[in-house]
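First the structure, in the form of structure tokens, and then the observations on it.
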Amino acid sequence: MGEKIDGKAVTEEQISQWVREAEDGYDVAQLKKRGRGRPGRGAQPSQVVAVRFTPEEIAELDRRAQLREMSRSELIREAALL
């Protein structure tokens with residue numbers, strides 16, 4: 001039984017290729033450009049503010065957000081900033 005990543009078999013050839021790439025070194029600037037994570041909402045970092053809702057309230061938020069074709073977070077931000 002060979003090595004697997006995400007349930008897919010990894011060949012010795014693929015592992016050797018990864019070793020060669022690592023030995024050659026990586027361009028750190030290029031790795032940082034990958035754009036992982038959530039997109040920013042502006043120039044400054046956002047702050048998370050916790051709000052508590054009952055399951056029924058969350059269901060209603062989701063229903064309203066879906067009707068308006070927006071995310072739950074967008075709907076909450078809009079309501080909070082009225």
Let me have the donor-acceptor pairs involving side chains of residues 6-16, under 3.5 Å, with sequence neighbours excluded, atom names and distances please.
unit_1	atom_1	unit_2	atom_2	d
Thr11	OG1	Gln14	N	3.0
Ser16	OG	Glu12	O	3.0

Point to revise | Pair Glu74 + Arg68, salt bridge at N-O below 4.0 Å | key: no
Review point. Is it true that Met70 and Leu67 fall in one hydrophobic cluster, defined by side-chain heavy atoms closer than 4.5 Å?
Key: no
**Study point:** Nearest heavy-atom neighbours spanning Leu61 and Leu75
**Key:** O-CD2, 3.5 Å
Check your understanding: Tell me, which pairs form a salt bridge (Lys or Arg N to Asp or Glu O under 4.0 Å) where one or both residues lie in residues 57-66, sequence neighbours left out?
Key -> Glu60-Arg63, Glu60-Arg64, Asp62-Arg72
Check your understanding: What heavy-atom pair brings Tyr26 and Trp18 nearest, and what distance separates the two atoms?
Key -> OH-O, 3.9 Å
Point to revise | Greater than 12 external heavy atoms within 6.0 Å of Glu69's CD | key: no
